[in-house]
Amino acid sequence: MDSHDVPHLDRYIQLLDQQKKTLNAAYKARQGDRPEDRKSRLELINNFEMNYTVQQMCQLRTRQSRMSTAPTEMLVHSSFPPPPYLPSIAPLGELKQTFINDLRLETHHRGKYLLLRSITPPNRMTAIMAIVEDEREDAVMLQLYQQNDKKDRPATSILKQNDIVIVKEPYFKVMGDGEYGLRVDHVSDLVWIDPCDKRIPLQWTHLFDLNKTADDWKQEGNEAMRIEQYWAAVQNYTTALGCPASLQERKTAQLNRALAYLKNGAFDAALVDTECLTSSSDAPEKALYRAGQALYELGRFSECQDILQSLCEKYPNNVSAAMELERVRCRLEEQKSGIYDFMAIQEKMSRDPPPRLDHATFIGPVTVKASMGRGRGLFTTKAVKAGDLILCEKAFAHCYVNTTGKLAAESSGIGLRVNVHTNRMTTGRQGDLITRVVQKLWRNPSFLPEFMALHQGSYEPVDVIEVDGKPIIDTFLVERIVSLNCFGCPISSLKTLELEDPHGEVHHSCGVWLKASYINHSCLCNVRRSFIGDLQLIHATRDIPPDTELTFWYRTLAGGSYEERQESLKNWGFECDCPICLDAKNTPKKVLEKRDALHGDLKTALDAGMLDVAKIKRLLAAIELTYKIPASEVPRLALWAPYLRLMHTYVAENQLVKLLASALKGLECLGFVVKGANPLESPDTPFEVVQWGVVIDTVIEAWMHLWTAYAILAPHLCQRAEDCAIVTYRICIGEDVTFEESFGRKIREAVKQLV
Ligand SMILES: C[S@@+](CC[C@H](N)C(=O)[O-])C[C@H]1O[C@@H](n2cnc3c(N)ncnc32)[C@H](O)[C@@H]1O
């Protein structure tokens, strides 16, 4: 939603076509071939090393040239996923070994596995790549996709030289450069083999010192922790736990591994390691503390509070535990009340780069239910008012792109993700988001049920969730879910508001929010989203009765024809049948042509150096006559911008009566019904917003203009205009504590000068 698709750009279309042809040709022509021209082990190693050197030189040159480019220029990386294929769900014990020489091209070797040793250090390109050999000394390129980001973990630690791995049901294919390689897209298809594993052939056993004791491995783990190589520490402690050891040695290794898991973001595993230690009455202090940390990171705040509370009772001098307890209590309060310190949050967001926000999710009076013809949807459980907070949701996964700050040049670049199988291209960090989700699920399978419950379209996944004690993570399913449920977003809606041209803003940052994903689309919506970092806030844009489905726009609304709107929703596989779309669909072609022609004339009049206001008003009136249904039922979105333009003109000329009228006309076009708002026409009618209309950012301006006009024409209404401006601001920006700084103060000063 609001992610940046690029379907209309010619050069991308060409790229897509070209890629499609290449892939199809490669796939069809070579499928099932056993290639006779595979490179020798030595050739592969030499080529790999040469490519590595060339890549290093290019990166150096890029870094140097980046230093001299403007910070807003971004690198664009592209990635092309292969035809989707299912992950291996076979237990390793049921697979039969195969060898590189027996592999067939463009084939998934179901029922088979390859045992491989890495014979080069890895290189990170679009994937982690290394040359691997089997025990017959045949070699091939191995490409591992969806591995950790380079910021989280260096490639050299993901696949070290001499690491031994098993690739389950290997996929052998022609690679982008015409060479042959093994491609692993599903993290669960790769199994790392322990030095003591019986499957390791004799000729490789000399690579490992099999005489190390549990204590040796633990010491190595401790050293890895000291130099912050937490992934290595996990491996070392795990090996220690596989060696004969005393109960105390085992407990220590387990406690240390829990910390290493925490540092690696594997909170489920950290919890398992601490659970058996915390279950006893003499639970070690560190075990309780680490269990608390794991529960906090998993968002299980209530359990976290319980464990920290008992820790603080047992060890009253533990200052860190007391602080953690205080922190989790704040989260629980946010979760319950929906009250956040937005001033402090916005202050954090103004830093460059903004830090990770540490807040809980608030879920208001809503529930997920079946929605006729739309799958499931989010419904109110009680009545809410315009401006009420419905959700303040922390992202499940979020990728942030800094396009303007001082670190923009250092940002990892904007990806172009080309999916030749769904004919969809997106820019932004969606590719990285997929990897982030895959890694989060892989490390914390307890999140799987909630994530996998999201809309998957027509994807047919495997029905196994775990094999050999490990979760099955289907990358292509994750991709599909992300594509249907991800939101493009600004760093914060406040920052977007501060931009000179907020509509030109491209949402390169993106994320997945689990609850907000249940909201279906309608152009005539009743809620709106805004963002503060990775918090997505949903506010009601009108008064909503209980048991009503909530809807918002999947694409930011502009006028646009019926066809254009449906085209922009194509990714989600439905046609919008909201009143705005139905009206556009049912309006006779002749009327639409007339309306378009009038809009053409209006555009010319608005583009002219000197505004002919009378003509503009005539044209607006003529366009309005082309609508049959009142704007309160079918808003006339395309008329908002011209009315806003008139407001700008009148405010500049200090024509307050006309300003008042144009602001009210504009609001009316958006579907607002406001009684008693024109004191010149109905001085005795009390002011009341009977119905809120479509809330777009610039509606804040209309209330400001009314506030200004009222200052002279009807001072008793100023407060009402200000109240409406604040509600609109809250809906658009996510909070209203910064309203005074952004707008209130300026208007107050302008009004002081007027009166
Ligand atoms: C992000 S999901 C929304 C939640 C989804 N309905 C579910 O059951 O999980 C997007 C999908 O919901 C459905 N959808 C959303 N808005 C719709 C609408 N106005 N009409 C029909 N289907 C809609 C489409 O299948 C779309 O791909």
Side-chain angles (χ1 to χ4, degrees), residues 1-5 7 84 361 363 366-380 390-391 393 395-398 419 421-424 426 428 430 433-434 437 447-461 476-489 507 510-529 531 536-538 541-542 544 547-557 560 562-586 634-635 637 694:
M1 289 146 241
D2 273 343
S3 56
H4 194 58
D5 278 7
T361 290
I363 298 178
V366 287
T367 189
V368 175
K369 285 203 320 191
S371 163
M372 262 290 259
R374 303 169 172 185
R376 298 149 304 173
L378 201 63
F379 289 74
T380 49
I390 306 275
L391 277 183
E393 191 177 8
F396 174 74
H398 183 253
N419 192 329
H421 313 287
T422 55
N423 266 353
R424 187 163 187 243
T426 37
Q430 250 192 63
L433 186 63
I434 294 165
V437 171
F447 289 125
L448 270 167
E450 231 187 321
F451 179 80
M452 292 303 175
L454 295 181
H455 183 55
Q456 312 178 348
S458 55
Y459 194 92
E460 287 180 23
F476 300 102
L477 174 57
V478 171
E479 181 185 0
R480 190 83 187 108
I481 292 177
V482 167
S483 143
L484 290 168
N485 295 277
C486 124
F487 294 84
C489 52
H507 294 328
C510 56
V512 174
W513 284 263
L514 298 178
K515 202 50 119 190
S517 287
Y518 286 98
I519 301 180
N520 285 317
H521 165 93
S522 171
C523 306
L524 189 53
C525 56
N526 52 14
V527 294
R528 223 199 103 154
R529 61 182 174 274
F531 296 90
Q536 179 173 172
L537 299 109
I538 310 274
T541 56
R542 48 179 66 211
I544 311 173
D547 204 20
T548 305
E549 177 163 10
L550 302 178
T551 53
F552 56 27
W553 319 309
Y554 281 8
R555 290 265 178 236
T556 306
L557 271 202
Y562 172 78
E563 288 74 20
E564 280 163 352
R565 270 208 299 279
Q566 305 313 320
E567 176 65 29
S568 76
L569 296 170
K570 223 167 89 185
N571 173 52
W572 292 278
F574 69 91
E575 280 198 8
C576 181
D577 58 359
C578 76
I580 299 179
C581 287
L582 283 186
D583 181 59
K585 197 175 173 181
N586 297 333
V634 177
L637 303 173
V694 174

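Whatever order the structure lists them in is the order used to number ligands and atoms, beginning at 1. For this chain, numbers begin at 1 and follow the sequence in order.
- When all heavy atoms of Glu393 and Leu514 are compared, the pair lying nearest together is OE2-N, 3.0 Å.
- If you check which protein heavy atom lies closest to atom 16 (N) of ligand 1, you get His521 N, 2.9 Å.
- One option in Phe574, Phe487, Tyr554 has a heavy atom closer to atom 22 (N) of ligand 1 than any other, and that option is Phe574.
- Rounded to the nearest 0.5 Å, atoms CZ (Phe552) and SG (Cys523) are 13.0 Å apart.
- Annotation: side chain of Tyr518 is not in contact with side chain of Lys369 (no heavy-atom distance under 4.5 Å).
- Put simply, no part of Cys576 is less than 4.0 Å from ligand 1, judged by heavy atoms.
- Looking at atom 27 (O) of ligand 1, its nearest protein heavy atom turns out to be Trp572 O, 2.7 Å.
- For the atom pair Asn526 CG and Thr551 OG1, the distance stands at 4.0 Å (nearest 0.5 Å).
- Under a cutoff of 6.0 Å and an axis angle of 45°, Arg480 and Tyr459 do not form a cation-pi pair.
- Atom 25 (O) of ligand 1 has His455 NE2, 3.2 Å as its closest protein atom, hydrogens excluded (heavy atom only).
- The option with the heavy atom closest to atom 9 (O) of ligand 1, from among Gln456, Arg376, Glu575, Glu549, is Arg376.
- For Leu433 against His398, the heavy-atom pair with the smallest separation is CD1-N, 3.8 Å.
- Not a single heavy atom of Ser522 sits under 4.0 Å from any atom of ligand 1.
- Protein heavy atom nearest atom 1 (C) of ligand 1, with residue, atom name and distance: Ser517 O, 3.1 Å.
- Note: Phe396 and Phe447 have perpendicular aromatic rings, judged against thresholds of 30 and 60 degrees for the angle between ring planes.
- Among all non-hydrogen protein atoms, the one lying nearest atom 13 (C) of ligand 1 is Asn520 OD1, 3.7 Å.
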